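Just so you know, ligand 1 is whichever comes first in the structure, and atom 1 is the first atom listed for that ligand. As the structure is a computational prediction, the values presented were derived from the model and not from experiment.
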Amino acid sequence: MNRTLRLKLGLGALALTLGFISLAAAQEVTDLRGAVAPTDEVAPPPIYNEINDDKRRARNYPEQPPVIPHNIRDYPITLNANRCLTCHTREFTAESQAPMISITHFMDRDGQVLAGVTPRRFFCTQCHVTQADAPNLVDSTFMPIEQILQQEKGSGEQTP
Ligand code: HEC
Ligand code: HEC
């Protein structure tokens, strides 16, 4: 290969790469804001309300942490204070009429039952969440076991 040919090939490859780069840049990349120019303002999505109807929801399986049927906006949980416990601990349920934290919330990791809530269960919102009156972000095909058994009975399948 002589020098001019090598130079020409090199330039050709460079032009091709630049072409690809500009092609990629020209494609619309949509982010969470939607197809809007970075310089444009968009109306923010609505902030949905927490469901606050005080109706306890059925659990989808026995081990599910029940969802919270009330507002928790003013119930902070910090290193030193836990507002949830002022209603949900054993000694306060008579006054608050809140369901007591269950026995598992008193057990340390060795199964030893403590006098108060175990540190493992101190940060309630790690497991318990409120619900929002928002449309689902994704579809779910989850079915509770009763529904699965019902379907199998309907289709004549044998259950073990
Ligand atoms: C002012 C008292 C009070 C406070 C504070 C409180 N709750 Fe409640 N909670 C209740 C009552 C009463 C219920 C029963 C349903 C209802 O009336 O909302 C309940 C229900 C629940 C349930 C549903 C239980 C079930 O079996 O379905 C969960 C979970 C729960 N609360 C978690 C929390 C968490 C987590 C916090 C703190 C972020 C908290 N609560 C703070 C009073 C309270
Ligand atoms: C590591 C996860 C986890 C944390 C943290 C946790 N919970 Fe739970 N909670 C559960 C699960 C799982 C259940 C259902 C099974 C059970 O009782 O263990 C439950 C059940 C409950 C129930 C229903 C009890 C009943 O007998 O119906 C209440 C009320 C509750 N939790 C409140 C709280 C509060 C208040 C806190 C914070 C002090 C808390 N939980 C922290 C997982 C958690």
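The nearest non-hydrogen atom to atom 25 (C) of ligand 2, considering only M107, H88, R120, R59, comes from R59. Of the listed residues (C87, A58, S96), the one carrying the non-hydrogen atom nearest atom 43 (C) of ligand 1 is C87.
Within 6.0 Å of atom CG in D110, more than 12 heavy atoms from other residues, nucleotides or ligands are found, so the atom counts as buried in its surroundings. Annotation: R57, atom CZ; neighbour count of heavy atoms from other residues, nucleotides and ligands within 6.0 Å is above 12.
Looking only at protein heavy atoms, the nearest one to atom 42 (C) of ligand 1 is A98 CB, 3.5 Å. Counting protein heavy atoms only, atom 22 (C) of ligand 1 is closest to P69 CD, 3.5 Å. Nearest protein neighbour of atom 24 (C) of ligand 1, counting heavy atoms only, is P99 CG, 3.8 Å. Atom 37 (C) of ligand 1 has C84 SG, 1.8 Å as its closest protein atom, hydrogens excluded (heavy atom only).
Nearest to atom 8 (Fe) of ligand 1, among the N, O or S atoms that H70 has, is NE2.
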**Report entry** Trace of the side chain to side chain contact (heavy atoms under 4.5 Å, CB included) decision for I101 with R121
**Finding:** CA-CA 10 Å; I101 51 170; R121 298 271 169 125; over 6 Å; no
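When heavy-atom distances to ligand 1 are checked against a 4.0 Å cut-off, N82 has no atom that comes that close, whether in backbone or side chain. Only the side chain of L85 comes within 4.0 Å of ligand 2, judged by heavy-atom distances. At a heavy-atom distance under 4.0 Å, atoms from both the backbone and the side chain of D54 approach ligand 1.
Ordered by chain and number, H105 NE2, H128 NE2 make up the set of protein N, O or S atoms under 2.8 Å of atom 8 (Fe) of ligand 2.
None of T125, N71, I68 except one satisfies the side chain to side chain contact (heavy atoms under 4.5 Å, CB included) rule with T130; the exception is I68.
A distance of 12.5 Å separates SG in C124 from OH in Y75, rounded to the nearest 0.5 Å. Atom-to-atom distance recorded for L114:CG and R120:CZ is 9.0 Å, nearest 0.5 angstrom. Of the inter-residue distances, the one linking F106 atom CZ with T118 atom OG1 reads 10.5 Å to the nearest 0.5 angstrom. Atom CD in E91 sits 10.0 Å away from atom CE in M100 (nearest 0.5 Å).
Between M107 and Q112, every side-chain heavy-atom pair lies at or beyond the 4.5 Å cut-off. No side-chain heavy atom of Q147 sits under 4.5 Å from any side-chain heavy atom of F142.
Set against the non-hydrogen atoms of V67, the atoms of ligand 1 under 4.0 Å away are 23 (C), 29 (C). The atoms of ligand 2 that sit less than 4.0 Å from any heavy atom of E63 are 12 (C). Taking a cut-off of under 4.0 Å to the non-hydrogen atoms of I72, the atoms of ligand 1 that pass are 38 (C). In summary, the atoms of ligand 2 found under 4.0 Å from a heavy atom of Q64, numbered by their order in the structure, are 14 (C). Atoms of ligand 2 found under 4.0 Å from any heavy atom of F122 (numbered from 1 in listed order, with element): 37 (C), 38 (C). Taking every heavy atom of R83 and a limit of under 4.0 angstrom, the matching atoms of ligand 1 come to 5 (C).
The minimum heavy-atom distance linking D133 with I51 is given by the pair N-CG1, 3.9 Å. Listed here is the closest heavy atom pair of R73 and E50: N-OE1, 4.0 Å.
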For residues 78-86, which side-chain N or O atoms pair as donor and acceptor with protein atoms under 3.5 Å away, sequence neighbours left out?
from, atom 1, to, atom 2, distance (Å)
T78, OG1, N80, N, 3.3
T78, OG1, A81, N, 3.1
T78, OG1, A81, O, 3.4
N82, OD1, C84, N, 2.9
N82, OD1, L85, N, 3.2
N82, ND2, F122, O, 2.8
R83, NH1, T86, OG1, 2.9
T86, OG1, R83, O, 2.5

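Taking 4.0 Å as the cut-off, R56 counts as a neighbour of ligand 2 on heavy-atom distance.
Between H70 and H88, the two ring planes are parallel [angle under 30°; tilted spans 30° to 60°].
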